[in-house]
Every structure is written in C-alpha cells, then in structure tokens.
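Counting convention: from 1, in listed order, for ligands and their atoms alike.
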Amino acid sequence: MQALTVAPDRKNSLRLDTLPDPEPGEGELLVDGLAVGVCGTDMEIVSGGHGAPPPDRERLVIGHESLGRVRQAPPDSGWVPGDLVVGVVRRPDPVPCGACAHGYFDMCRNGMFTERGIKGLDGYASTSWTVEADYAVRLDPGLEHVGVLMEPTTVVAKAWDQVERIGGRSWFAPHSVLVTGAGPIGLLAALLGHQRGLEVHVLDRVESGPKPELVRRLGAEYHCEDAERVMERVRPDVVIEATGAAPVVFGVMSAMDPYGVLCLTGLSPAGRTLEVDAGYLNRELVLDNSAVVGSVNANRRHYAAAAAALAEADRGWLDALITRRVPLESFAQAFERRPDDVKTVIELTRH
Ligand code: BGC
C-alpha cells in the first residue's frame with residue numbers, strides 16, 4: 001500500500017512510502033482508504049512541532065480525518081464490504097484512567113491516550129488501513145463525496161455537547177451563537193448552531209473568498225470586525241471560539257453577557273503575551289455566572305451525533321467547504337496554505 005509518513009520530530013519529513021499491506025487482526029475491518037482531510041494539527045506535525053511515532057519507530061503514518069470503504073469485515077461484526085467508514089481518532093490510555101475506563105477517552109486524565117495519525121498510532125493516510133470494528137463509524141452511503149468532514153464535525157459535536165451540558169446547569173434557552181473563525185471547525189460549528197435553530201453569527205478576518213458566501217448560505221451573518229464590537233452588537237448566548245488567536249479569545253471572554261458560555265476549540269502557539277485586565281475579567285465572569293470551557297477530541301457519542309448532523313446537512317454546502325482535492329501523488333500541495341482554502345482533502349484513490 002501507499003502511505004504518507006512523517007518523522008514527527010523532524011521538519012518537512014513528509015513523504016509517500018510503499019509499505020506492506022495491513023493485515024486485519026481479530027475484530028478488525030480492512031478498509032480501502034478514500035480520502036483524508038488536512039488540518040492545522042497535520043501542518044504542525046509536518047513542521048516537526050507535534051506528534052509521536054508508534055513505539056520503536058521513527059516514522060508515523062499521518063492522517064486522522066479519515067474516510068474509507070470496507071473491503072473485508074469479520075462475520076457478525078455488523079459491517080459488510082462496501083460500507084462507508086470513518087475511524088475514531090483516539091484510543092484510551094492503557095492504565096486506564098477513570099475517564100478512559102468509562103468510555104470518555106476524549107477526557108483522558110493522564111495524557112497516556114494514543115491518537116491515530118497523531119500520537120503513537122499510525123493514521124489513515126494510506127490506500128489501505130485496518131480499524132477495530134468498535135472504533136469504526138458507519139456513514140450514510142450518500143456522504144461519499146463529503147464524509148471526510150466527519151472527524152472535524154465530531155470535534156464541534158463535542159463542543160456543542162459541552163455548551164449544552166454547561167448551559168443545562170440552570171435555565172438555558174439560547175437564542176444566538178457567535179462563532180469566531182470561519183475555518184472548517186468554525187463553519188461546522190456554525191452548521192450545528194443552525195441545525196439547533198439558533199441565530200448564527202460568524203466572525204473572521206477575511207473579507208473575500210469562499211468564507212462569507214458559505215456563512216451566508218447557512219442563513220447566518222458574517223462579520224469582519226473587532227471581536228469585542230461584534231459581541232456588543234450581537235450579544236450571543238453562546239460563543240464557540242475557533243481561531244486560537246489570543247486577542248480574539250480574550251476579546252470575546254471579556255464581553256460575554258450574563259450566563260454566557262464560551263467554548264474554546266482553537267490551539268494557539270505558546271509564548272505570546274497579551275495585556276489583559278485580569279481583575280476585570282475575573283470579576284465579570286464571577287458576577288455573570290459565565291463559563292469558559294476548553295474542548296478537544298471526541299468520543300463515540302460525538303461521532304454518532306456528527307454522522308447524524310452530516311446526514312441532515314445540505315450536501316452542496318458541505319461540498320463547498322472542501323475547497324481543494326489533491327491526488328495522493330501531489331500530497332505536498334495539500335500542505336501549502338492558499339488564500340481561498342477552507343478544507344483541503346487528499347484523495348487516496350482515483351475516481
Ligand atoms: C484532532 C483531535 C485531536 C487533537 C489533538 C485535532 O486536530 O481533531 O482529534 O485530539 O488534534 O491531538
């Protein structure tokens with residue numbers, strides 16, 4: 001099989017390798033890879049800033065945003081050849097911690113979890129891969145063209161789950177959401193807000209390209225100005241932050257309305273400092289019963305929620321979110337950032 005591999009501790013080590021075909025173990029599916037999505041985490045791994053290979057190996061097969069078609073399935077697994085499948089990213093830590101022991105591996109407490117294509121386990125950027133049947137999620141057959149958006153959708157399904165659980169600690173009837181950042185995570189968070197019947201606002205710094213149109217097509221409002229000013233005007237009940245840009249994070253945090261819920265999903269580089277009025281911020285959060293929560297990864301429940309959200313969404317809109325499709329042999333192009341990129345996908349098979 002062909003696989004995209006990296007040495008995670010080295011810069012720009014990404015290459016296309018020919019590796020032995022994988023053999024499915026007991027209870028595993030054998031899958032033909034259809035596509036993988038490329039995200040900021042992949043960019044970081046390729047630039048030598050993140051990730052770890054499997055034990056005793058130097059190289060890691062990259063790719064955690066998967067889509068494949070089952071070639072072979074164990075009898076009685078509930079899977080049949082031809083099923084459209086996505087592999088779960090994270091596996092519980094082996095200890096396991098209490099959260100992992102209870103199926104909440106997305107909330108692992110000791111950091112010893114593994115992640116396919118990111119940390120300690122080979123990913124899905126290969127023409128064939130295997131996956132344990134109970135870490136495989138079936139997709140609606142009509143989603144072949146856009147099903148690679150499943151994993152980022154699980155991330156926002158979890159973010160919304162956090163918001164709703166935190167909001168649910170008292171009376172909560174949200175009317176509007178502000179999403180900061182119109183990348184794939186922000187736009188998919190906006191989609192899930194729209195599906196919840198909320199008034200949706202999206203803030204981004206670009207004024208042109210596909211993002212404003214994608215937001216408009218959702219029936220949402222696009223904003224291109226200072227975060228605090230948008231907060232004052234929109235007064236959202238919920239904010240989902242997907243830029244990871246410190247001024248935006250603190251801008252929205254300090255301008256929340258009472259009982260506001262802010263969910264942080266963006267990763268920022270460490271080492272940048274910002275002047276904040278910490279006393280004011282603390283005082284406002286306390287007096288307003290506001291909540292700020294970080295959210296990463298997703299568990300099986302979020303995969304099920306994401307599969308349902310994608311099945312319900314407009315296929316044309318999902319398709320427009322994928323702004324570039326790169327064939328496997330031209331993989332390097334998928335790791336270039338171009339101005340009109342929203343989601344770039346690597347096609348693992350020729351159509
Ligand atoms: C992935 C998550 C993962 C996180 C940290 C993200 O890009 O979507 O599944 O937990 O990176 O490795």
Side-chain angles (χ1 to χ4, degrees), residues 4 6 8-9 14 35-54 60-67 86-93 96-97 99-100 103-125 129 131 135-137 147-162 181 183-189 191-192 240-244 263-270 293-307 309-310 321-322 334-335 337 341-346:
L4 274 183
V6 281
D9 58 352
L14 186 68
V36 282
V38 176
C39 79
T41 302
D42 299 304
M43 297 280 196
E44 241 190 295
I45 297 172
V46 168
S47 66
H50 190 58
L60 165 83
V61 176
I62 199 170
H64 61 281
E65 298 185 1
S66 63
L67 180 68
V86 165
V88 171
V89 174
R90 194 174 281 194
R91 297 294 179 276
D93 79 74
C97 73
C100 285
Y104 296 105
F105 46 79
D106 58 319
M107 298 292 200
C108 181
R109 300 295 204 274
N110 61 18
M112 287 164 67
F113 60 83
T114 48
E115 288 182 336
R116 290 202 56 170
I118 302 175
K119 183 174 180 272
L121 292 175
D122 278 336
Y124 300 108
W129 40 269
V131 65
Y135 285 93
V137 182
V148 71
L149 295 173
M150 171 79 156
E151 197 276 341
T153 309
T154 68
V155 167
V156 301
K158 172 171 174 180
W160 273 108
D161 180 38
Q162 302 305 298
I185 293 293
L187 288 168
L188 290 167
L191 168 71
L192 269 64
I240 298 192
E241 207 301 304
T243 68
C263 182
L264 305 176
T265 67
L267 296 177
S268 0
V293 61
S295 182
V296 71
N297 197 253
N299 65 37
R300 288 190 184 90
R301 229 167 18 83
H302 307 123
Y303 276 79
L310 288 182
L321 206 68
I322 302 176
F335 290 82
R337 283 190 205 267
D341 283 346
V342 179
K343 171 57 72 186
T344 303
V345 160
I346 300 173

Worksheet item: Hey, what's the ring geometry for Tyr124 with Trp129, parallel, tilted or perpendicular (30° and 60° as the breaks)?
Response: perpendicular

Name each donor-acceptor pair under 3.5 Å that joins a side chain in residues 40-51 to protein atoms two or more places apart or in another chain, with its distance.
from, atom 1, to, atom 2, distance (Å)
Asp42, OD1, His64, ND1, 3.4
Asp42, OD2, Cys39, N, 2.8
Ser47, OG, Met43, O, 3.3
Ser47, OG, Glu44, O, 3.0

Discussion item. Can you list everything that forms a salt bridge (Lys or Arg N to Asp or Glu O under 4.0 Å) with Lys119? Sequence neighbours excluded, please.
Written reply: none

Response to the item:
Taking every heavy atom of Asp122 against every heavy atom of Pro54, the minimum-distance pair comes out as OD1-CG, 3.7 Å

Discussion item. If the condition is side chain to side chain contact (heavy atoms under 4.5 Å, CB included), which residues does Asn110 pass it with, not counting sequence neighbours?
Written reply: Asp93, Val95, Cys97, Cys108, Met112

Worksheet item: So Asn297 and Asp106, side chain to side chain donor-acceptor pair (under 3.5 Å) or not? Walk me through it.
Response: CA-CA 5 Å; Asn297 197 253; Asp106 58 319; over 6 Å; no

Worksheet entry | Neighbouring residues of ligand 1, heavy-atom cut-off under 4.0 Å | Cys39, Thr41, His50, His64, Val89, Arg90, Glu115, Ile118, Glu151, Val155, Val296, Asn297

